[in-house]
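The next block holds one structure in the form of structure tokens; read it before the comments.
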Amino acid sequence: MPAIKEYRTVSEVVGPLMIVDHVQGVHYNELVEIRMHNGEKRQGQVLEVQEDKAMVQLFESSSGINLAKTKVRFTGHPLELAVSEDMLGRIFDGLGRPIDDGPDLLPEKYLDIDGQAINPVARDYPDEFIQTGISAIDHLNTLVRGQKLPVFSGSGLPHNELAAQIARHATVLNTDDHFAVVFAAMGISFEEAEFFMNDLRKTGAIDRSVLFMNLANDPAIERIATPRIALTTAEYLAYEKGMHVLVIMTDMTNYCEALREISAARREVPGRRGYPGYLYTNLSTLYERAGRLVGKKGSVTQIPILTMPEDDITHPIPDLTGYITEGQIILSHELYNNGFRPPINILPSLSRLKDKGSGEGKTRADHAATMNQLFAAYAQGKQAKELAVVLGESALSKTDKLYVQFTDRFEAEYINQGFYTNRSIEESLNLGWELLAILPRTELKRIKDEMLDHYLGESKA
């Protein structure tokens, strides 16, 4: 193996970027060790190589670097993560270093954090139900093992509480296989980090979880590595240890802001709203790491969470995320302001794979029919309420008034379950039938007669 060369040819430092001259045999993505004149060590990664110049992005701050005295070593391999099954129950920083005062890990192996592209032929189709304990997701926007289903939030909405609720309660039904949660937080405040860690500790969910915490005051470049480190951990637990792994990543907007910051430091030509033109490609390298593999027991399911700048769903981040992922869960300011928790806006939310994870043998035979009927009834009830605002309640027919009653109870009882209620899919389905019983049987046109005979009798009894 050739000796690792050390260079003292740093010519420029701009923000998180460093230029090293007269290099040889250096490759893109290579891990770099920087030794300061005072003995302090920092890390970086090769971002670009042109002839004998290498551009290095620093994982730590660039402050205090002396151009003449700083030594740079190129290690010959990319940034790698030490992985072990003992990572479960542990808390790490954004670069995978333990921060929970626990013992050092004894790694089973070291893995490249960029992973390997999955051969499309090796992918297995997602079709197994994951129960999150939230009726608005499990019943109406079903999450499937191997799916990527983002949560679109707005400023001030409780997406952190929703993320913690999913992390606490999520499970795969009808299997003895181990279930794990990998939680990656990017650019969050210290208070938010404390909330996640304390919540998972208090409920015991941390025992099956791996947490990666990148705080708002950590370097932007670390924010870019954090989701890759989390996904590498998930792939190891899923494909080598046979676990079903749910990856929750929050907040993807902070990740994209870090990309924009690095792009500006590189003086790249900006794309939409100043984000780099390769934002779509970059996001796809993260989201496409979800899935199931033929012949492998485990799976990686993703719930990326992002706050929409100015609540604009056409903003590049939610817009491009929607193209790559399989649906979206949207949080509502109106529901939140009216005191409903979690404030999931049912009508614009969508899980494109919901039909693959529901039905006999997965959830229950009446799942799809009641889901469609609840959607239709809620939409009609919202229209009736708007009509009442314009024309007054006296303008409503008797049936319209029943739809208004249904909508009020649907929001108050079905959506508003709170952040600490863990509903099984059976409980959600039974509650759906109880609410549908408010409406005349003639209005339930999306459910077969034999199903109405069986379940409506039960809910009215």
Between Arg341 and Glu161, does the salt bridge (Lys or Arg N to Asp or Glu O under 4.0 Å) criterion hold? Intermediate values first, please. CA-CA 9 Å; Arg341 307 288 187 271; Glu161 287 83 351; over 6 Å; no
Does the pair Leu105 and Arg90 meet the rule for a side-chain contact (heavy atoms from CB on, under 4.5 Å), with working shown? CA-CA 10 Å; Leu105 283 177; Arg90 301 293 302 274; 4.0 Å; yes
So Gln328 and Ser349, side-chain hydrogen bond (donor to acceptor under 3.5 Å, both in side chains) or not? Walk me through it. CA-CA 6 Å; Gln328 67 279 329; Ser349 295; over 6 Å; no
Would Arg409 and Glu434 satisfy salt bridge (Lys or Arg N to Asp or Glu O under 4.0 Å), going step by step from the backbone distance to the final call? CA-CA 10 Å; Arg409 283 192 58 188; Glu434 184 181 325; 3.3 Å; yes
Taking it one step at a time, do Lys385 and Glu393 satisfy salt bridge (Lys or Arg N to Asp or Glu O under 4.0 Å)? CA-CA 9 Å; Lys385 290 187 75 170; Glu393 283 196 27; over 6 Å; no
Please evaluate residues Tyr236 and Glu85 with respect to the criterion side-chain hydrogen bond (donor to acceptor under 3.5 Å, both in side chains), reporting the C-alpha separation (whole Å), side-chain torsions for both, the decisive distance (0.1 Å), and the verdict. CA-CA 9 Å; Tyr236 166 76; Glu85 203 166 345; 5.6 Å; no
Would you check, one step at a time, whether the test side-chain hydrogen bond (donor to acceptor under 3.5 Å, both in side chains) holds for Asn214 with Glu222? CA-CA 7 Å; Asn214 168 263; Glu222 180 181 307; 3.1 Å; yes
Let me see the working for Asp138 and Thr132 under side-chain hydrogen bond (donor to acceptor under 3.5 Å, both in side chains), right down to the final yes or no. CA-CA 6 Å; Asp138 293 346; Thr132 66; 2.8 Å; yes
Could you give me the CA-CA distance, side-chain angles and deciding distance for Leu283 and Tyr255, then say whether side-chain contact (heavy atoms from CB on, under 4.5 Å) is met? CA-CA 10 Å; Leu283 287 173; Tyr255 169 83; 4.2 Å; yes
Intermediate values then yes/no, side-chain contact (heavy atoms from CB on, under 4.5 Å), Tyr403 and Leu396: CA-CA 10 Å; Tyr403 272 110; Leu396 298 181; over 6 Å; no
For Arg208 and Phe179, run side-chain contact (heavy atoms from CB on, under 4.5 Å): C-alpha distance rounded to whole Å, both residues' side-chain angles, the deciding distance at 0.1 Å, then the answer. CA-CA 7 Å; Arg208 60 166 190 174; Phe179 186 83; 3.2 Å; yes
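Between Met186 and Pro227, the shortest heavy-atom distance links the atoms SD-CD, 3.5 Å. The minimum heavy-atom distance between Phe375 and Asn141, with the atom names listed, is CZ-OD1, 4.2 Å. Of all heavy-atom pairs between Ile305 and Ala163, the closest is CD1-CB, 3.3 Å. Across all non-hydrogen atoms, the minimal contact from Ser358 to Thr363 is CA-OG1, 3.5 Å. Summarising the geometry of Phe195 relative to Ala164, their closest heavy-atom pair is CE2-CB, 3.9 Å, with the distance given to 0.1 Å. The shortest non-hydrogen separation linking Tyr278 to Ser263 is OH-CB, 4.0 Å.
With a 4.5 Å cut-off on side-chain heavy atoms, Arg168 and Leu200 count as touching. Within the 4.5 Å cutoff, the side chain of Ile313 has no heavy atoms near those of the Asp319 side chain. Contact check for Gln43 versus Leu58: no side-chain heavy atoms found under the 4.5 Å cut-off. Under the 4.5 Å side-chain criterion, counting only non-hydrogen atoms from C-beta, Tyr125 is not in contact with Val294. At least one side-chain heavy atom of Ile262 sits less than 4.5 Å from a side-chain heavy atom of Pro16. Counting heavy atoms from C-beta on, the side chains of Arg272 and Leu320 come closer than 4.5 Å. Counting only heavy atoms from C-beta outward, the side chains of Leu402 and Gln405 approach each other to under 4.5 Å. Looking only at side-chain heavy atoms (C-beta outward), Asp112 and Gln116 stay at 4.5 Å or farther from each other.
For the side chain to side chain contact (heavy atoms under 4.5 Å, CB included) with Met252, the lone residue among Thr307, Thr321, Leu286 that qualifies is Leu286. When each of Asp93, Val182, Leu95 is paired with Phe212, the side chain to side chain contact (heavy atoms under 4.5 Å, CB included) condition holds for Val182 and for no other. Only one option out of Lys297, Lys241, Lys296 pairs with Asp177 in a salt bridge (Lys or Arg N to Asp or Glu O under 4.0 Å); it is Lys297.
Rounded to the nearest 0.5 angstrom, Phe410 CZ and Ile415 CD1 are separated by 4.5 Å. A distance of 6.0 Å separates CD of Glu240 from CG of Leu111, quoted to the nearest 0.5 Å. To the nearest 0.5 angstrom, His159 atom NE2 is 5.0 Å from Asp251 atom CG. Note: Leu157 CG to Leu162 CG = 10.5 Å, rounded to the nearest 0.5 Å. Interatomic distance, OG1 of Thr232 versus CG of Leu237, reported as 11.0 Å (0.5 Å rounding). The structure places CG of Asn174 at 11.0 Å from NZ of Lys362, a figure rounded to the nearest 0.5 Å.
Counting non-hydrogen atoms of other residues, nucleotides and ligands closer than 6.0 Å to NE2 of His333 gives a total above 12.
Side-chain N/O atoms of Asn29 and Gln45 include a donor and acceptor closer than 3.5 Å. When only modelled atom types and interatomic distance are considered, Asn430 and Arg364 share a side-chain donor-acceptor pair under 3.5 Å. Looking only at atom types and distance, the side chain of Asn345 has no donor-acceptor partner in the side chain of Tyr336 under 3.5 Å away. In this structure, a donor-acceptor pair under 3.5 Å is absent between the side chains of Thr399 and Glu443. Checking Arg446 against Asn372 by side-chain atom types alone, no donor-acceptor pair falls below 3.5 Å. Counted by atom type alone, Ser63 and Ser61 present one or more donor-acceptor pairs between their side chains at under 3.5 Å. Side chains of Ser189 and Glu192: a donor-acceptor N/O pair is present below 3.5 angstrom, by distance only. In the model, Ser135 has no side-chain atom that pairs as donor or acceptor with a side-chain atom of His139 under 3.5 Å. Between Arg292 and Thr301, the side chains place no donor N or O within less than 3.5 Å of an acceptor N or O (distance only, hydrogens not considered).
Note: His315 and Tyr275 have perpendicular aromatic rings, judged against thresholds of 30 and 60 degrees for the angle between ring planes. Ring geometry, Tyr280 versus Tyr323: the interplanar angle exceeds 60°, so the pair is classed perpendicular (tilted spans 30 to 60°).
Ion pair Lys148/Glu288 flagged as a salt bridge, since at least one NZ, NE, NH1 or NH2 atom sits closer than 4.0 Å to an Asp/Glu carboxylate oxygen. Taking a cutoff of 4.0 Å between a charged side-chain nitrogen and a carboxylate oxygen, Lys382 and Glu411 qualify as a salt bridge. A salt bridge does not link Lys448 to Asp453: none of the charged nitrogens lies less than 4.0 Å from a carboxylate oxygen.
With Phe196 as the aromatic partner, Arg201 does not meet the cation-pi criteria of under 6.0 angstrom to the ring centre and within 45 degrees of the ring axis.
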